[in-house]
Protein chains: 4
Amino acid sequence: MTTDGRTRRRADTRQRLFEAAVELIAEQGFSATTVDDIALRAGVAKGTVYYNFKSKTDLFEELLRHGIGLLTDDFRAAVKGLPPREAVAALIRSQLEYIRRYRAFAQLLLSEMWRTNREWQQTLVLLREQAIGVIAETVRAGVDSGDLPADLDVRVASSALFGVGLVVAVDWLVFTPERPLEDVEESLLAIVRRVGTTT
Amino acid sequence: MTTDGRTRRRADTRQRLFEAAVELIAEQGFSATTVDDIALRAGVAKGTVYYNFKSKTDLFEELLRHGIGLLTDDFRAAVKGLPPREAVAALIRSQLEYIRRYRAFAQLLLSEMWRTNREWQQTLVLLREQAIGVIAETVRAGVDSGDLPADLDVRVASSALFGVGLVVAVDWLVFTPERPLEDVEESLLAIVRRVGTTT
Amino acid sequence: MTTDGRTRRRADTRQRLFEAAVELIAEQGFSATTVDDIALRAGVAKGTVYYNFKSKTDLFEELLRHGIGLLTDDFRAAVKGLPPREAVAALIRSQLEYIRRYRAFAQLLLSEMWRTNREWQQTLVLLREQAIGVIAETVRAGVDSGDLPADLDVRVASSALFGVGLVVAVDWLVFTPERPLEDVEESLLAIVRRVGTTT
Amino acid sequence: MTTDGRTRRRADTRQRLFEAAVELIAEQGFSATTVDDIALRAGVAKGTVYYNFKSKTDLFEELLRHGIGLLTDDFRAAVKGLPPREAVAALIRSQLEYIRRYRAFAQLLLSEMWRTNREWQQTLVLLREQAIGVIAETVRAGVDSGDLPADLDVRVASSALFGVGLVVAVDWLVFTPERPLEDVEESLLAIVRRVGTTT
DNA sequence: CATGAATGAGGATTCATTCAT
DNA sequence: AATGAATGAATCCTCATTCAT
């Protein structure tokens with residue numbers, strides 16, 4: 001049908017724009033990436049970017065929403081039905097796999113997450129809450145079940161877990177991509193176990 | 001003497017420009033920060049920026065050099081004469097204190113360190129080597145002395161240590177600045193010890 | 001019949017587009033009014049504008065033709081069979097009523113009539129001639145019949161009459177719409193009588 | 001002195017930009033006039049426009065302020081110390097001379113004054129008040145002195161006087177510039193006297 | 001040593017127009 | 001008869017850089 005055809009065409013275009021934008025912004029940052037670059041890499045005319053998004057900033061915010069949405073979904077799927085101890089390991093694995101798959105998006109997050117005073121800061125903080133929320137639920141379950149120490153600050157620990165996972169994974173992919181994922185996973189697990197028992 | 005007066009005045013101006021630039025770039029990123037912004041915050045005329053630096057990029061590179069130079073100096077001072085085990089702890093403490101003091105610079109590093117394709121990438125990688133080099137020397141000494149496991153990948157471990165310290169400290173200062181430094185230090189030490197014994 | 005249905009539908013659409021365009025152009029001017037705006041206010045898709053008119057300029061020119069055509073018709077109907085003196089009064093009344101009814105179109109005329117260098121200037125000057133022509137015929141009849149002074153410059157007087165009627169009426173509708181039409185009519189008549197006797 | 005030199009240079013540039021902008025906007029309207037056009041005609045680089053004005057709209061608003069300021073000054077100078085009857089005549093003469101001298105600005109006013117919904121509408125209405133205010137003072141003095149009928153609506157009469165003067169003068173300059181100013185002045189005076197005695 | 005007016009290349013955004021459905 | 005996704009030229013605006021003072 002006409003409507004479907006049009007809808008699909010438009011959705012395709014948006015997807016292409018997302019992909020082009022993620023890569024470029026990961027490499028160069030938001031401001032250094034031009035709308036021309038994005039359109040060129042997506043293979044559409046510049047005007048098409050504006051037909052599909054209100055502005056460059058809008059495109060970026062939707063991108064953040066989309067990317068963190070996927071990560072949050074992965075997190076939820078990973079912990080589903082697992083006992084606390086295994087759930088934490090599953091989250092780490094899930095995060096690593098996500099970052100390996102969407103490396104550009106992860107780089108971009110790493111660059112923007114601890115900035116302040118950017119237009120999309122509010123959006124980003126909210127999205128961060130969302131992703132860290134899933135980790136926090138898992139950690140809390142661990143605390144409740146006695147698998148993790150009762151005095152653990154759930155918020156702080158979840159935030160740190162997220163951040164450490166992000167740097168370690170990105171550092172891996174950027175500087176020593178030949179290391180196997182399992183190796184990195186092992187290091188991260190060691191960190192978590194340790195943190196769990198001391199803080 | 002006149003020359004001295006001028007030299008001092010100029011050094012002052014440069015310092016003011018450094019400080020203004022660091023803060024702004026930490027908040028908004030390099031591209032989003034304008035030379036006008038920098039001059040305004042430093043309280044000088046725009047032309048003065050160009051009287052003191054060849055270009056905006058040049059200012060930024062000198063900034064990186066200056067900032068990482070200080071950090072490297074701190075690292076060296078911290079480990080001086082210490083046995084391996086204590087030296088690692090001293091590095092962590094030193095990094096935390098540095099970041100608490102030059103928080104904006106740390107945010108800026110966190111944002112730029114894992115980017116690719118930026119003009120100053122080469123400079124930054126070199127500077128990173130410099131700082132991580134000090135950590136690596138210490139870790140290697142630990143391996144040699146048997147305080148750290150013989151199969152530890154020194155390069156990887158040092159890089160991770162640097163990255164984890166950076167992200168944990170910045171996350172701390174941005175999201176839970178009320179936590180005492182000792183608390184954060186404790187968490188980082190736990191991580192390091194654990195990593196040391198497993199990887 | 002199908003054809004009739006289509007024709008009527010099309011005529012409807014054109015009328016809706018005219019109305020939307022007149023209002024918007026009166027408010028903001030031709031250049032500041034976008035085809036998107038027009039389509040939106042008319043409640044049709046953008047493509048529909050181009051299905052019905054060759055271009056934005058074409059729509060505007062047809063609009064001018066249509067609007068001034070109506071005015072000229074009103075003028076002709078108003079003076080039909082009247083003696084010169086009453087005919088001038090009838091023209092004024094007619095112009096006022098027209099402007100009250102098509103206020104947006106009048107504003108638009110006021111804005112465009114004394115411009116130069118616009119694409120449709122030629123069209124507009126022609127249309128202006130047409131409307132002023134009717135006034136001029138009436139004035140000339142008055143001169144011929146001795147009701148108006150023999151040395152009156154018919155062209156100049158008619159042009160001024162038209163212009164003064166336009167500003168006074170629009171000023172009335174924009175700034176003091178509560179004034180009754182008769183009041184405004186009275187002022188205009190006073191002007192005309194006077195001008196008639198002096199120029 | 002340096003500061004003076006700079007200040008003067010800048011003021012010169014602004015003046016050149018004003019002159020270029022007035023002419024172009026009078027011919028084509030605000031939206032149809034590009035900043036490139038303005039810069040080109042003023043003989044400066046495009047960036048200079050933005051160094052001197054916040055935006056194209058800002059330039060236009062300052063232009064309106066400047067132009068109507070001059071007119072208001074002329075009005076005040078014209079009526080200074082004159083008895084009511086002569087003062088009105090002086091105002092008309094003053095307005096005509098102003099329009100002859102700044103014809104482009106007058107055309108521009110005629111085009112924008114009765115629009116609605118433009119960004120600078122508020123500014124323009126205020127400026128209009130300012131100019132009409134001087135006329136109103138004079139008219140009121142005439143009413144008070146008995147030179148003008150007691151039941152005259154001062155606001156309405158002043159507004160109409162201003163509008164009629166504007167349209168008659170512009171019509172004159174656009175369509176019959178060979179007519180001598182005195183001729184036009186005579187017509188306007190006739191109008192005013194008549195209006196004065198009837199409304 | 002410092003200034004700030006001016007520049008122009010470059011980047012974000014708009015919008016009339018086209019065209020496949 | 002109508003639609004709306006896509007286009008790209010035109011436009012507004014920004015900003016690093018220069019230079020005369």
Side-chain angles (χ1 to χ4, degrees), chain A residues 1-14 31-39 44-57, chain B residues 2-3 5-7 9-10 12-13 31-39 44-57 59, chain C residues 2 5-10 12-13 31-39 44-57 59, chain D residues 1-14 31-39 44-57:
Chain A
M1 222 191 92
T2 303
T3 311
D4 274 23
R6 282 184 173 163
T7 305
R8 180 160 316 133
R9 186 180 178 198
R10 206 174 167 175
D12 269 13
T13 303
R14 284 175 68 93
S31 301
T33 300
T34 69
V35 174
D36 267 300
D37 289 344
I38 297 172
V44 300
K46 190 173 10 180
T48 304
V49 176
Y50 288 90
Y51 185 73
N52 284 281
F53 300 93
K54 256 205 319 287
S55 65
K56 187 183 158 189
T57 300
Chain B
T2 305
T3 311
R6 281 193 177 158
T7 305
R9 187 179 175 192
R10 187 160 182 187
D12 266 15
T13 302
S31 301
T33 299
T34 69
V35 174
D36 267 300
D37 288 345
I38 296 171
V44 300
K46 188 170 17 180
T48 305
V49 177
Y50 286 87
Y51 185 75
N52 284 280
F53 299 93
K54 248 201 338 277
S55 67
K56 186 184 160 190
T57 301
L59 161 56
Chain C
T2 305
R6 281 193 177 158
T7 304
R8 177 161 314 135
R9 188 179 174 192
R10 188 160 180 186
D12 266 16
T13 302
S31 300
T33 299
T34 69
V35 175
D36 267 301
D37 288 345
I38 296 171
V44 301
K46 185 166 25 174
T48 304
V49 177
Y50 286 87
Y51 185 74
N52 284 280
F53 299 92
K54 249 201 338 278
S55 67
K56 185 184 161 189
T57 300
L59 161 56
Chain D
M1 221 191 92
T2 303
T3 309
D4 273 24
R6 280 183 174 164
T7 304
R8 181 162 314 137
R9 186 181 179 198
R10 205 172 168 176
D12 270 12
T13 302
R14 284 175 67 95
S31 301
T33 300
T34 69
V35 175
D36 266 301
D37 290 344
I38 296 172
V44 300
K46 188 171 14 177
T48 304
V49 177
Y50 288 91
Y51 185 72
N52 284 281
F53 300 93
K54 258 206 316 288
S55 64
K56 187 183 157 188
T57 300

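Letters go in sequence order (proteins before strands), and every chain restarts at 1. Given the structure is predicted, the values throughout are model-derived calculations rather than measurements.
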- Query: Can you find a side chain N or O atom of B:Thr13 that sits less than 4.0 Å from OP1 or OP2 on E:dA2?
  - Reply: yes
- Contact summary for C:Lys46 and C:Asp36, nearest pair of heavy atoms: NZ-OD2, 3.0 Å
- Message: Within the 4.0 Å heavy-atom criterion, would you say A:Thr33 contacts the bases, only the backbone, or no part of the nucleic acid?
- Response: sugar-phosphate
- Query: If you pin B:Val35 and D:Ser31 to their nearest nucleotides in DNA chain F, which one's is more 5'?
  - Reply: D:Ser31
- Identify the two heavy atoms, one from B:Ser31 and one from A:Ser31, that lie closest to each other, and give their separation to 0.1 Å. CB-CB, 3.3 Å
- On DNA chain E, check which nucleotide each of C:Asp36 and D:Arg10 is closest to and give me the residue with the more 5' one. D:Arg10
- Query: Counting side-chain heavy atoms from C-beta on, which of F:dA6, E:dT13, E:dT3 comes nearest to B:Ala45?
  - Reply: E:dT3
- Item | Side-chain heavy atoms of B:Val44 within contact of B:Asn52, under 4.5 Å | no
- Task: Nearest whole angstrom, please: distance from the P of E:dT14 to the NZ of A:Lys54.
- Result: 11 Å
- Net bend of the helix from E:dA2-F:dT21 to E:dT21-F:dA2, end axes of five pairs each, nearest 10 degrees: 0°
- Message: Ignoring hydrogens, what is the shortest heavy-atom contact between A:Lys56 and A:Thr33? Give both atom names and the distance.
- Response: NZ-O, 2.7 Å
- Query: Should D:Thr34 be listed as having a side-chain N or O under 4.0 Å from OP1 or OP2 of F:dA10?
  - Reply: no
- Figure out the CG/C1' separation between B:Leu59 and F:dA16, and round it to whole Å. 12 Å
- Contact under 4.0 Å: D:Asn52 side-chain N or O vs E:dA5 OP1/OP2: no
- Work out which heavy atom in C:Ala32 is nearest to a heavy atom in C:Asp37; give both atom names and the distance. O-OD2, 4.2 Å
- Message: From the set E:dA6, F:dA5, E:dA12, return the single nucleotide nearest to any side-chain atom of A:Arg9.
- Response: F:dA5
- Message: Reading DNA chain E from 5' onward, which residue's closest nucleotide shows up sooner: D:Tyr51 or C:Gly47?
- Response: D:Tyr51
- Between atom OG1 of D:Thr48 and atom CZ of D:Arg10, what is the distance when rounded to the nearest 0.5 Å? 10.5 Å
- Message: Using whole Å, what does the distance between atom C1' of nucleotide E:dG10 and atom NZ of B:Lys56 come to?
- Response: 13 Å
- Item | Spacing between D:Phe53 atom CZ and E:dA5 atom C1', to the nearest angstrom | 14 Å
- Mind checking A:Val44 for me? I need base, sugar-phosphate or nothing, with any heavy atom below 4.0 Å counting as a touch. sugar-phosphate
- For B:Ile38 and F:dT17, give me the distance from atom CD1 to atom C1', rounded to whole Å. 14 Å
- Item | N/O (side chain, B:Ser55) to phosphate O (OP1/OP2, F:dA16) under 4.0 Å | no
- Query: Rounding to a whole Å, what distance do you find between D:Lys46:NZ and E:dG10:C1'?
  - Reply: 10 Å
- Closest to the D:Tyr50 side chain, choosing from F:dT17, F:dA6, F:dC12: F:dC12
